[in-house]
Every structure is written in structure tokens, then in C-alpha cells.
Amino acid sequence: MDIELQIKQAVILAIREFYNHEANEKSIQIQETRKDFEGDFTLVVFPFLKISKKPLEATANELGDYLQKNITNVVDFNVIKGFLNLSISKTYWLDFLNKNYGKENYGIVAENKNPEKVMVEFSSPNTNKPLHLGHIRNILLGDSVSRILAANGKKVYKVNLVNDRGIHICKSMLAWQKWGNGNTPKNTGEKGDKLVGDYYIRFDREYKKQVEELVASGTDEKLAKDKAPLLIEAREMLLKWEAGDEGIRQLWSTMNGWVYAGFDVSYKKMGITFDKIYYESDTYKLGKKLVLDGLEKSALIKKDDGSVWADLSKQGLDEKILLRADGTSVYMTQDVGTAHQRFSEFDIDKHIYVVGNEQNYHFQVLKLVLKKLGFEWAEAIYHLSYGMVELPSGKMKSREGTVVDADDLVDEMLHAAREISKEQGKLENFSEVEVEKILETISLGALKFFILKVDPKKSMTFIPEDSIDFNGNTGPFVQYSYARIQSVFRKANEKNVVIPKKLSPDCEFNTKELQLLKTNYAFGDIVKEAGENLSPALIANYVYELAREYNQFYHELPILVEEKKDKRELRLFLSEMTGRTIKSAMRLLGIDVPPAM
RNA sequence: GGUCCAGUAGCUCAGUUGGAUAGAGCAACAGCCUUCUAAGCUGUAGGUCCCAGGUUCGAAUCCUGGCUGGAUCACCA
């Protein structure tokens, strides 16, 4: 049984016996002992003083005594202030090692027989411009969260909802019609999403020019923005699209096709896949029927002009429109529809939306509307909200060209990895194919780790130089530690050192070995907790700690030199455990594992 | 103005849900390559945890009030 649980139960018994009192679980706090003190686990004694009616020292000693006598694995204790530090026997830790040694995926739960089904929606790009750094944060979070959920035994569906319709697409289409000269990705060699994005920018430029001209000729600015000829044309195009105009539809699907080809390249570069891709052009009419049903049940209200609203004033919000006066639907209506469709189609138990925090209000409302409509799964939707990615120079603005393009960024990371490796002569003994593979692994690992280590809900600053740095709290450092561990085994093998299947019971630890062991011990809990909090950052920061412990440890303790046999075996054991834990953690983050360099 | 989120070292970030003397990396300084990979390790320096109250054995963490920054408050998606 888990030692922490064992201690907890013993404490309950002790309190019942000594003080004739039923302690509630929550008052019993057991934590890992801080490094500077002796012991493995610490019981906080303060909460029991009122019950024991005895001085601090006496209470702590009494409890410590009881635990030592009643739990075989508690071999010693000491009391410092209100903290009871318990030392756990070496046998317990050895058992832990021996038990988990054979597990290839230590800390990861296999898929249950009857798993909870979770859908994760992420990426969700518009088809009028290429992916940028903001999308990268979204994509990496979505991918990583999916992996963490899967590692907790859930069945995960990764889905993408492409926003392929609307006025913004029409702007790109119109600009291409006017100034495109028949350019295609094929005849220009340009990536499709970039090509289309260029025309979106072109539209904006020409549109601004028109607005300026109108203002110069005396038109009110607000009016000018609304009445610029280009915008009117784009609106007309959208109407035609909605009416199913064949020519427009043709152009639309051609240009979107270019964009998808471009996106595929970007996703592939990042190693991202989806189980299903939804298109808004297929789903934008969904939800209308559900809203009308809700109206019938009087869950919603109809105004004089015929528009339909949800009244959320009781929940502290205002009213939200769901159907316009002309009966057409809005974004919210659509989301109600797609959610309903997904819950019935996939029979999912939970739906996670990875969407930026600018939509916090939207998802708050969505949940309330679903509840109003009477769907019992309304509580099962979760908005994984994340903050913006800013640059040292400030915010990214796509129209002002200050965005960091996703492909460019990945390429730059690769370039930096190449330069640094060349400079240090790290990859001299590898073939060209191997070198390319390693560089890709490292540069992508650096990017992913840099993004994921930050708490999702916080906005973050992306510093290009720091992201490319391979020292310190970075992906390459974690990969490096793993590679070193692999190297230990390779060298051991060369020297015919056999790694035993089981450690002998008289194997001794020193403090550093114990530290590393305890860090490994925590991994399973971290995975579980990260799943509950939907936080890859937790894993990232943890695995960095582990890699650091490892590096400090092995720096001082050569393994393969002459020393007592069981000591050597213990270290090989620890290496392998640590290696597996690091590898598992990297996989949860979506970071590739490098070979032993 | 209403609502939500954030504020921790010069910079970028952790801080295990209220515990012991608040931690890393970067940048600065001083060291460590015949040992397994120096993409590393050791040390020095660096803190009003935004401010003020409150809750209690105990607060970076919880509550209240302020300050600063961000998001949002569309018949856009």
C-alpha cells in the first residue's frame, strides 16, 4: 500500500486512541520532507494541538512514537517545531524500485476497459492567413493535454474546427481576383496559406487607402469605414457565397484547398495530427432547431422584431442573442449546435475547448445557454483558456505584420540548433540523415518546452533568443539528460556490466540517491494531477527538476569506475528509472526523445 | 463603468492548493574538462512575493478594499 495513505490511516487511529477524537482526513497533512531536514515524509502537527490539549513537543513525540511502532516502514522520526519528520525504511524504497523497474511506461495508466471519452478541440484556424505563434501555443497545449488525458486512461478524440467561411475569406478572395494575376501555389512556388494570407493583407492595405481617400474628401471616418467600396464588394461576395453562387463557391474551395495544403505542412512539421476535422461551412447552420425548441419550452425569449434571446440576468450576465430577426444564426447558436452534435455523435463524457482567453465570456455564456436548454452535459464542457503570446516589443498584430509566423519560427529554431551543434562539434560522428533527425528533434523540443512550461492561463512573453537557448530550463537540457542516461547504459554494456533484474535488500542509499528516488516516486501523482488541472506546465517544470537532480547526482558519482558491486547496480537501476520517467514526461509534452548522442 | 484574469530577483518563469529559512534559468562575478556528454557541475551576489487591512498556531497562497497591466462587455467568428 501507498506509504502516505498508510501513515494517514495510522494517524487517524492514533488520534482516536490517544485523544478520543475522530480526525477528518483534511486535517492530516502529509508532505515530502524538505531537503534540509532529515526524513522522507512530514506530518504537520499543528492542527492536532487543540484536540490533544498537550504541548507541541509532547503531541508530536507521542504521534511519532505511535507511527514508528505501528508502521513497519517508519523506522525513525524527529520533531522540529510543529513538524514531525518520518524516516522511511530503505526496504520500502527498494521495493518501490524493484516493483516499478520493469515498467516501460512508468507512471502512465493504460487505457481503461470502459474509458471516459474526452474530446479536445484545438488549433481552430481561419483560412485567410497562415498559422502564427499564438496558434502554436494553442496547438501545443491541445496536443499535450490530449496526451496527458490519454496517459490517465481516457479515450481522447482530437478535433479541429476550421473557420473556412465568412467575410474574412471573402476579403482574400476578392483581393486575389483583383490583383492575383492568376498566381497559384503551383506557379509561384509559394506555400498556399501564405499566398492567401498575402492577399488578405493586400485587401486591408487597399481598403485602408480607400477609407483615407473618403475621409480626405470629407466623409465621416466611421461612415467611411463602413462604406468603402471594397468592403461593400466583399459583403456582396459573402451574400453570393451564402446563396451558393457557383463561381464564388468554386473560387472559395480552390483557395481553401491551397490553405489546407499549407496547414498540412505546418502540422506535419510540428508532429500534430487530428482524429477529425470539422469545417464551419458544414456546421454554421446547426443549432437553430435547438434554439427553436428552447423557445417552445419557454427557456428562451422572443422579442418584438422576432429575434431570439437568452436572458442570463439571473446569472449576473446580460441578454445574449441566439437568432437574428431574419432567423439566421450567430456564433453562439452554432456552438450550441456543434456541441450537441458532438456529444451525440461520439457519446463523449467531456469536451475540452482550447481557445484563447479573449473568449472567456463566450464560453461562460455557452455553458449557461446549454444549461437553460436543458442539456445535462452542459457541465461537461470545459474551456481551457490560455493567455496571449506577446513579444518583447509588445503585442503581435497580424495586420501590422508584427506576427511571428509558425513556419518561420520552426525553421529558425532548426537553424539555431544547427549553428550551436556545429560550433560545439556535438554531431560529428553521425551520418547526414541522423544529424537532420537529431536537429529536428532538438529544435522542436526547445520550442515545445519553451511554450509549455508556462502556466496556460498566464499571458507569456516570447523572447526569441531565450527560446533558442539550450541551457538551463529548456527542452534540450531535458533531452540532454535523457541522452546522458542512455549513454550510461551503452557504456555499461561495453564494459559488460550486467544490469540486474532485482536489487538485493542490503543495498544502501546515500542522501543524493534517495533524493533522486523520491523525485522519481512523485511522477505518477504529477501525471494525474496534471490531467486534472489540464496543465502540461506542471509536467514540464517537474521533468526539468528531475533532469537537474540527475545531472547534479551523476556529475559527482561516477558509475563505471571500480566500486562495490551493489552500489553500482543501484545506480544503474536509478538511471534507468529516471530515464524512463524523463522519457514518459517528454512524451506527454509531445517532445521527441533524442538518441544517445 | 460592469465582469474575468494576472502582478514573485534586473529579465523569463516555478512555487505540490495554508506550512519550516520563497526557488530555478538567463544576465553578472569566481571556479571545475585524462573519469560517462562542459548543451554540464560548484560557489558568490541579487526579494517590501504590487500596496493596506483582515482571518490563525502559520499567508506569496484565503477574505475585503485599493493600485497597475491585460481580456471582454457585437445581430463578428
Side-chain angles (χ1 to χ4, degrees), chain A residues 29 31-34 36-37 42 44-47 49-50 56 80-83 85 124 126 161 163 165-168 280 284 305 307-309 316-318 320-326 328-332 334-335 356-362 364-365 385 387-388 390 392 395 417 420-421 423-424 426 442 446 450 453-455 457-463 465-467 469-481 483-492 495 522 525-526 529 533 537-538 540-542 544-545 547-548 551-561 575 596-597:
Chain A
Q29 299 172 55
Q31 52 199 261
E32 274 180 49
T33 305
R34 286 181 74 112
D36 344 304
F37 300 98
T42 296
V44 185
V45 186
F46 291 110
L49 295 184
K50 275 185 194 153
L56 196 90
I80 297 171
K81 293 196 211 166
F83 299 95
N85 300 322
S124 309
N126 290 355
L161 176 62
N163 178 9
R165 60 168 281 280
I167 189 81
H168 48 281
E280 281 197 13
Y284 78 107
D305 65 355
S307 56
V308 181
W309 298 70
L317 303 172
D318 45 16
K320 181 77 196 174
I321 191 160
L322 293 171
L323 289 178
R324 297 184 183 103
D326 63 6
T328 55
S329 51
V330 295
Y331 177 42
M332 186 63 71
Q334 190 187 133
D335 261 5
N357 63 8
E358 69 271 13
Q359 293 196 35
N360 284 355
Y361 180 73
H362 172 79
Q364 201 185 345
V365 171
S385 164
M388 301 183 71
E390 286 165 25
K395 279 186 200 164
I420 294 169
S421 302
E423 202 177 294
Q424 307 201 350
K426 287 273 178 194
I442 295 173
F450 189 84
K453 74 178 175 187
V454 181
D455 185 347
K457 71 169 179 272
K458 288 188 179 178
S459 58
M460 66 178 290
T461 307
F462 185 86
I463 304 174
E465 307 92 76
D466 284 8
S467 67
D469 196 347
F470 289 177
N471 300 309
N473 190 356
T474 64
F477 174 79
V478 175
Q479 290 171 321
Y480 166 78
S481 306
R484 281 183 81 168
I485 291 167
Q486 293 310 102
S487 170
V488 168
F489 294 116
R490 197 184 53 205
K491 295 246 159 77
K495 296 193 180 180
D525 290 341
I526 297 276
E529 202 181 325
N533 295 330
L538 206 61
N541 286 294
Y542 163 79
Y544 168 65
E545 282 300 317
R548 231 166 56 85
N551 275 319
Q552 285 170 5
F553 180 53
Y554 280 105
H555 180 256
E556 292 172 29
L557 299 168
I559 285 188
L560 299 171
V561 291
S575 282
M597 286 181 261

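Residue numbers begin at 1 in each chain, while the letters A, B, ... track the order of the sequences. The figures that follow rest on heavy atoms only: side chains count, while hydrogens, waters and symmetry mates do not.
B:U3 atom C1' lies 8 Å from atom CD of A:Gln364, rounded to whole Å. What separates CD1 of A:Ile463 from P of B:U12 is a distance of 6 Å, to the nearest Å. The NZ atom of A:Lys495 sits 5 Å away from the P atom of B:C36 (whole-angstrom rounding). Rounding to whole angstrom units, CG of residue A:Asn541 and C1' of B:U16 are separated by 11 Å. For A:His362 and B:U72, the NE2 to C1' distance is 13 Å, given to the nearest whole Å.
Here A:Thr42 lies in heavy-atom contact (under 4.0 Å) with a base.
In this entry B:U3 has B:A71 as its Watson-Crick or G-U wobble partner, both defining distances falling under 3.5 Å. If you check B:A14 for Watson-Crick or wobble pairing at under 3.5 angstrom, you find it has no partner at all. B:C62 is paired with B:G54 under the Watson-Crick or G-U wobble criterion, all donor-acceptor distances under 3.5 Å. Nucleotide B:A38 forms a pair with no other nucleotide shown, judged by Watson-Crick or G-U wobble geometry with both contacts under 3.5 Å.
Against the 90° criterion about 0, the sugar-base torsion of B:U17 places it in the syn range. In this entry the base of B:C33 is syn relative to its sugar, with a glycosidic angle within 90° of 0.
Ranking B:C36, B:A20, B:C76 by closeness to the A:Arg324 side chain, first place goes to B:C76.
Judged by distance alone, with hydrogens and angles left aside, A:Asn85 brings a side-chain donor or acceptor within reach of the base of B:A20, the pair sitting under 3.5 Å.
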